4 protein chains.
Amino acid sequence: MLYSREEMLEMNIKLLIERTVTVEDIAEVAYRQQSKWSDAITMEQCVESVMKILSYRDVFHLLQLGVEIDRLAEEGIIREPMRSVLQKDFGMFGIDELFGLEIAGKYGTIGKTNFGDIDVNKPLVVDRLNADGKEAGKMCHTFLDDIVGAIAAAASTRVAQMNKELEAADDPTVKKIRLELDLD
Amino acid sequence: MLYSREEMLEMNIKLLIERTVTVEDIAEVAYRQQSKWSDAITMEQCVESVMKILSYRDVFHLLQLGVEIDRLAEEGIIREPMRSVLQKDFGMFGIDELFGLEIAGKYGTIGKTNFGDIDVNKPLVVDRLNADGKEAGKMCHTFLDDIVGAIAAAASTRVAQMNKELEAADDPTVKKIRLELDLD
Amino acid sequence: MLYSREEMLEMNIKLLIERTVTVEDIAEVAYRQQSKWSDAITMEQCVESVMKILSYRDVFHLLQLGVEIDRLAEEGIIREPMRSVLQKDFGMFGIDELFGLEIAGKYGTIGKTNFGDIDVNKPLVVDRLNADGKEAGKMCHTFLDDIVGAIAAAASTRVAQMNKELEAADDPTVKKIRLELDLD
Amino acid sequence: MLYSREEMLEMNIKLLIERTVTVEDIAEVAYRQQSKWSDAITMEQCVESVMKILSYRDVFHLLQLGVEIDRLAEEGIIREPMRSVLQKDFGMFGIDELFGLEIAGKYGTIGKTNFGDIDVNKPLVVDRLNADGKEAGKMCHTFLDDIVGAIAAAASTRVAQMNKELEAADDPTVKKIRLELDLD
């Protein structure tokens with residue numbers, strides 16, 4: 001059960017692809033959120049951050065269990081009353097957001113508010129997953145759309161923090177600054 | 001999907017009994033935690049608080065989904081890698097605590113710390129569920145022990161707050177106090 | 001210290017007005033967020049929900065302490081290093097969002113994501129407070145803009161839940177539904 | 001405002017000493033909590049983990065602001081109604097626990113439940129701070145006791161995770177395991 005980070009990253013990427021999502025899809029959401037505030041953001045930074053986040057043990061557990069719940073709901077294996085709640089992505093069900101907040105919270109309270117923005121406004125792949133999930137006979141993405149949005153929010157927050165520290169390092173008035181590229 | 005509070009309470013009590021837990025089992029944990037601090041606590045208050053908490057919509061979702069995950073793990077239906085993680089209640093898996101913190105957090109941050117105490121020290125029924133879950137061939141209670149502990153912590157916190165407000169109402173120096181028996 | 005709900009509501013409204021914010025300002029933010037999804041929302045519901053939220057004990061503590069920190073930063077009484085962090089609303093400071101998430105979380109994880117949307121996109125009074133706070137010599141609103149946004153998000157979430165329950169009650173296929181106007 | 005990790009660690013240690021707490025005091029609480037479960041834990045690991053946690057930016061903000069609030073309450077500078085609430089460490093005030101949960105949550109939900117155990121059962125320095133804070137005319141430690149307990153819980157959780165990964169690396173049945181000594 002104690003997978004290495006490389007194994008967890010690999011298993012997560014494989015599962016996301018099975019569910020129609022790529023690392024680039026997620027990085028684009030992060031890029032769109034953060035490029036509003038700064039020109040210094042690059043897609044490369046966003047891709048690298050998404051990969052980093054996909055290698056964490058708690059993200060591994062949340063992604064693997066969340067998608068497994070989606071699959072069991074999709075196949076009608078989960079019993080009532082939860083089957084209908086999950087299949088219809090019932091508006092007052094909030095455990096998918098709970099998974100999302102826990103992932104995004106790896107980058108603090110600002111990670112969480114960035115997730116809220118993505119969850120409410122549904123950019124790009126988040127919108128597609130949400131729409132697919134609501135179409136009858138299609139896949140159930142009740143958990144996946146929140147998990148994908150949360151990984152994007154975490155990546156967006158990580159890139160913003162990294163770039164602020166890089167700027168500070170260029171600033172001659174800041175002394176003794178240590179590059180903290182790996183903030184986490 | 002929009003069950004009434006009475007329906008949710010009834011469905012929760014039924015499911016708990018299927019999983020060997022009674023309302024009184026949970027109330028005893030709340031009573032033990034809170035009676036250390038005050039003589040004014042009664043078992044009746046604890047039972048009433050447990051019933052109240054079991055009627056909330058988000059507690060309904062967390063309890064019903066958590067126990068369903070336990071059952072699917074028990075029956076070997078959940079796929080790897082999560083099956084082994086759940087069946088063995090892997091020490092670095094924390095989504096069961098996430099469910100618990102969300103339930104206990106209905107009574108604020110003090111609800112959450114009270115849950116931490118119960119989760120670590122495992123009194124009464126929490127200990128039994130945890131032990132049963134670890135025995136080979138027995139039921140899987142990875143989620144249930146945390147959920148039960150969290151309902152107890154929420155009840156314990158609710159009773160403490162109620163009694164503080166009742167005391168204040170008896171105190172002649174406190175004016176204009178309104179009984180807030182239903183704090184939430 | 002054990003104020004009644006009426007006293008806490010009154011003290012909160014008075015303090016908000018001292019800091020240039022009215023109950024209606026907050027209700028407008030809630031109304032704007034929720035009226036996107038449903039025509040059934042009214043300003044009256046939003047005002048009533050804001051008042052309800054302002055009467056809770058933990059919201060009272062978070063609002064009173066948050067605004068007191070703003071005032072002490074404004075007057076230069078808070079010592080370094082926190083004085084500069086607070087006066088300039090430093091982008092990597094997240095304790096103001098922590099206060100906001102705790103308030104909005106009274107209405108569950110959906111309350112929290114609704115707060116994230118408001119915090120990132122800054123509608124109406126939230127934008128004004130944020131702008132005033134950043135202007136040299138003006139008031140420090142580092143905590144207040146998040147607290148106000150969070151009360152609006154909580155009110156918006158409460159109104160949405162209330163209206164879903166009201167709809168269900170009108171639906172003849174739903175039996176035994178109990179109006180849960182007070183979602184507490 | 002963008003201090004380096006070394007600067008933040010140094011400022012945090014200095015402030016803790018001003019408030020009568022040493023790194024070793026905190027490491028002892030972590031050691032006591034974790035040595036119950038495993039013989040492999042050492043005080044050196046606990047000290048190293050406390051230092052690591054004291055170097056994080058969000059812990060820096062929470063510790064510096066929390067202690068500043070304690071000092072302002074102690075000196076009577078904070079206005080009513082919060083002055084009395086803070087000076088008397090009012091039982092229904094939970095913002096100190098909010099700070100603690102945010103610190104401990106850096107090590108996930110298990111960090112938070114470990115904090116709950118320490119917060120309720122008050123071992124060693126946490127008990128001393130709590131008692132000192134309640135004595136008339138002494139220091140106000142309303143925030144500090146929770147912050148110190150949370151740093152200990154975070155350190156205890158980090159050491160436990162590190163040691164599990166070290167054990168796994170020694171286990172010949174585990175392949176491809178990568179030492180993740182620095183989990184964060």
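Numbered from 1 within each chain, the chains take letters A, B, ... in sequence-line order. A quick note: this is a predicted structure, and the numbers were derived from the prediction, not measured.
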Gap separating the CG atom of Leu62(C) from the CZ atom of Phe99(C), nearest 0.5 angstrom: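 Here the rounded value is 5.5 Å.
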Rounded distance [0.5 Å steps], CD1 in Ile147(A) versus CD1 in Ile26(A):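 Going from CD1 on Ile147(A) over to CD1 on Ile26(A), the span is 10.0 Å.
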Contact class of Leu98(C) relative to chain A, heavy atoms under 4.5 angstrom: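 It is both, since atoms from each part get that close.
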Leu54(C) side chain reached by Phe60(C) side chain, heavy atoms, under 4.5 Å: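 Contact flag for Phe60(C)/Leu54(C) side chains = no.
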Heavy-atom side-chain proximity of Phe115(C) to Ile103(C) below 4.5 angstrom: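 No - every pair of side-chain heavy atoms lies 4.5 Å or more apart.
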Counting backbone as well as side chains, what donor-acceptor pairs lie under 3.5 Å between chain C and chain A?
| unit_1 | atom_1 | unit_2 | atom_2 | d |
| --- | --- | --- | --- | --- |
| Gly94(C) | O | Thr109(A) | OG1 | 2.7 |
| Thr109(C) | OG1 | Gly94(A) | O | 2.7 |
| Asp117(C) | OD1 | Asn121(A) | ND2 | 3.0 |
| Asn121(C) | ND2 | Asp117(A) | OD1 | 3.0 |

Over 12 foreign heavy atoms within 6.0 Å of CE, Met51(C):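 It does not: Met51(C) CE has 12 such atoms or fewer within range.
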Minimum heavy-atom distance Pro123(C)-Val29(C), with the two atoms named: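 Shortest heavy-atom contact: CG-CG1, 3.8 Å.
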